[in-house]
2 protein chains.
Amino acid sequence: MGTTQADPVQEPKYWHLKTVLTEALDSEFSVGEILPNERDLAARFGVARATLRQALEQLELEGRLQRRRGVGTTVAPPRVGVAVGSERHLWPGAAGDAWQPADCTSAVPPAAVADLLQTARDERVHTVRRSRVTHGQPVAAELLYIPASSVPDLSAIDAPSGTARARAVLRELQRADLEDQDQAVELGSASAEDAKELDRLPGAPVLVVTTRYHAGGRTAAVSVATYRADTCRLTFGASGRVEIHHDPERRAS
Amino acid sequence: MGTTQADPVQEPKYWHLKTVLTEALDSEFSVGEILPNERDLAARFGVARATLRQALEQLELEGRLQRRRGVGTTVAPPRVGVAVGSERHLWPGAAGDAWQPADCTSAVPPAAVADLLQTARDERVHTVRRSRVTHGQPVAAELLYIPASSVPDLSAIDAPSGTARARAVLRELQRADLEDQDQAVELGSASAEDAKELDRLPGAPVLVVTTRYHAGGRTAAVSVATYRADTCRLTFGASGRVEIHHDPERRAS
DNA sequence: GAGTGGTCTAGACCACGCA
DNA sequence: GCGTGGTCTAGACCACTCC
């Protein structure tokens, strides 16, 4: 009855690698430092490159590493805390918000958004693109969906598209009374378009924040914002910011 | 102006595969249905199994698929909306919350948590494990860190560990005035321990929600909750729930 | 034991950033 | 042009679930 076995419980190699690398990152590397390339690292650990990459991918997902094609792998700084839920009762585009309007067009929203807006599935709405930058780095790309009925007085004289129109639409939106807003966060992967704005490859993991703005008893606007999951920590309802930590991996001893 | 490009712009195979599969899922499959196995699918699409897997991994990440070793790949139901930020001004363990206490021990918290708690890095605190179940499925595992000073009247007579003690600690916590709470969400990967509770493999993507509870001008407790990223959509501050949609991938036309 | 997804290998070529 | 990470292949074996 030998349960005595020291049981090398078949921990996958890439998992063990991840542990080893994590410890090395904690003790022997400093932020911004570049790691040896993948081929060298794989050789050093005696594994195939694909296996090493599996470990690196997880570490990048956890925000410990940053990899760039043609450049190399570097040690990532701690995640940035990004306030997402603190400006309650504020319209998008309110003075001093962190977003920069980029463009405005008109389009039929995805069915899911049309349902949130309670518009017909083939109804065109204003779409405003905005981007959010922190510490000089792009952290989020947003698409705002605003039914024409939410900005009834939008002047036809304003520019038909572009940044100017984006500002005009947001300005008009401010005139309604914002009653409430609610948000949801889920994991997604960057579309080709978002990826470009976020300086990542398509498919990169993102945190998708969907916000509904309520006014006049209906949903006056919907925002779909995609945040870089590797570099961002979304904060909700905090008063003071605390710049601290990461590594969601390690728990109690 | 030539946006006319037929430009075979070198879209990676796995990306194209993902698109094709997504469309197939939308039109030809229903929730719960099982897909052909990976070897067959790969053959059908004329790619290596590894390439097909890259596409499946992304789809699973986006909550469209569910894969289980030894079983197969099935079409996942839409993500569940899980209320996370609505019970403001409520202590963990308040009557009717969604959590079920599982265990309670005492341990030195990770440095990051000790900093949040403003305790010494080698100070032991109470740690309460809880789990959250929705629709019969486990969706989250939580670790609560509670300094002894937050529950000063905890009777030494209570059970030294186990569910009973967990309840006792939470009960004592209610006696303080909760002044505020703030939360942060970030992407992480499941520890071996969490993975088991969440019925996933270690390393599975999770949304890590860190909550600080403020009372008496200090941080009275810290909660680190890990939610299954594949199945959960975290909702904040909503009044009414709206069960709708997913696919954060598709945006405006 | 049969069939599934999970891990791993040892190669190859490609896209990109930079000098 | 060189070195980097990103994609892809065609195999192999393993861990798991279910019959």
Side-chain angles (χ1 to χ4, degrees), chain A residues 7-19 21 32-61 64-76 189-190 192 195-196 199-205 230, chain B residues 7-19 21 32-61 64-76 189-190 192 195-196 199-205 230:
Chain A
D7 203 335
V9 71
Q10 284 280 151
E11 189 176 55
K13 280 190 188 177
Y14 79 91
W15 185 265
H16 180 246
L17 259 185
K18 198 185 103 175
T19 308
L21 285 171
E33 200 166 345
I34 65 179
L35 268 63
N37 71 51
E38 298 183 348
R39 290 160 179 87
D40 285 352
L41 275 179
R44 182 177 312 185
F45 287 109
V47 299
R49 189 176 156 219
T51 304
L52 174 78
R53 277 180 61 81
Q54 216 174 333
L56 294 185
E57 264 150 39
Q58 284 229 5
L59 289 173
E60 188 177 30
L61 197 86
R64 302 298 313 263
L65 293 179
Q66 189 145 15
R67 297 147 89 201
R68 283 198 236 195
R69 166 151 54 178
V71 181
T73 302
T74 60
V75 180
S189 44
K196 217 163 86 177
D199 192 26
R200 299 262 68 194
L201 267 65
D230 55 343
Chain B
D7 204 333
V9 71
Q10 285 280 149
E11 189 177 54
K13 281 190 188 177
Y14 78 91
W15 185 265
H16 179 247
L17 258 186
K18 198 185 105 176
T19 308
L21 286 170
E33 201 167 344
I34 65 178
L35 269 61
N37 71 52
E38 297 184 350
R39 290 160 180 88
D40 285 354
L41 276 179
R44 180 175 316 185
F45 287 109
V47 299
R49 190 176 157 218
T51 304
L52 173 80
R53 278 181 60 82
Q54 217 174 330
L56 294 185
E57 264 150 38
Q58 283 229 7
L59 289 173
E60 187 176 31
L61 198 85
R64 303 298 311 265
L65 293 180
Q66 188 144 17
R67 297 145 91 203
R68 284 198 238 184
R69 166 150 56 179
V71 180
T73 302
T74 60
V75 180
S189 43
K196 216 163 89 179
D199 191 25
R200 298 263 66 195
L201 265 64
D230 55 344

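Quick note on labels: first sequence line is chain A, next is B, and so on, each numbered from 1. The basis for the numbers below is simple: all heavy atoms, side chains too, and nothing from hydrogens, waters or symmetry mates.
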Heavy atoms, side chains only, cut-off 4.5 Å: are A:L56 and A:L21 in contact?
yes

What nucleic acid atoms does A:R53 come within less than 4.0 Å of, heavy atoms only: base, sugar-phosphate, or nothing?
base

Nucleic acid contacts - residues 32-43 of chain A versus DNA chain D, non-hydrogen atoms under 4.0 Å
A:N37, A:E38, A:R39

Hey, is the side chain of B:T73 poking within less than 4.0 Å of OP1 or OP2 on C:dT4, counting only N and O atoms?
no

How far does CD of A:E33 sit from OG1 of A:T74, to the nearest 0.5 angstrom?
10.0 Å

Is B:L201 touching bases, backbone alone, or none of the nucleic acid, heavy atoms closer than 4.0 Å?
sugar-phosphate

Considering heavy-atom distances to DNA chain C, does B:P202 or B:G72 have its closest nucleotide positioned more toward the 5' end?
B:G72

Would you grab the first and last nucleotide of DNA chain D (5' to 3') that comes under 4.0 Å of any non-hydrogen atom in chain A?
D:dG3 to D:dA15

Inter-residue atom distance A:N37.CG - A:R49.CZ, 0.5 Å rounding:
8.5 Å

Quick one: on DNA chain D, does A:G70 or A:A50 contact a more 5' nucleotide (nearest heavy atom)?
A:G70

Carboxylate-amine/guanidinium contact A:D199 A:R68, below 4.0 Å
yes

Hey, are the side chains of A:F45 and A:K13 touching, using non-hydrogen atoms and a 4.5 Å cut-off?
no

Among A:Q66, A:R67, A:R200, which one satisfies side chain to side chain donor-acceptor pair (under 3.5 Å) with A:D230?
A:R200

To the nearest 0.5 Å, how far apart are OH in A:Y14 and CD in A:E57?
10.5 Å

Do the charged groups of A:R64 and A:E60 touch, with an N to O distance under 4.0 Å?
no

Taking any heavy-atom pair under 4.0 Å as a contact, classify A:R68: base, sugar-phosphate, or nothing.
sugar-phosphate

Whole-Å distance, B:R200 CZ to C:dG5 C1', equals 11 Å

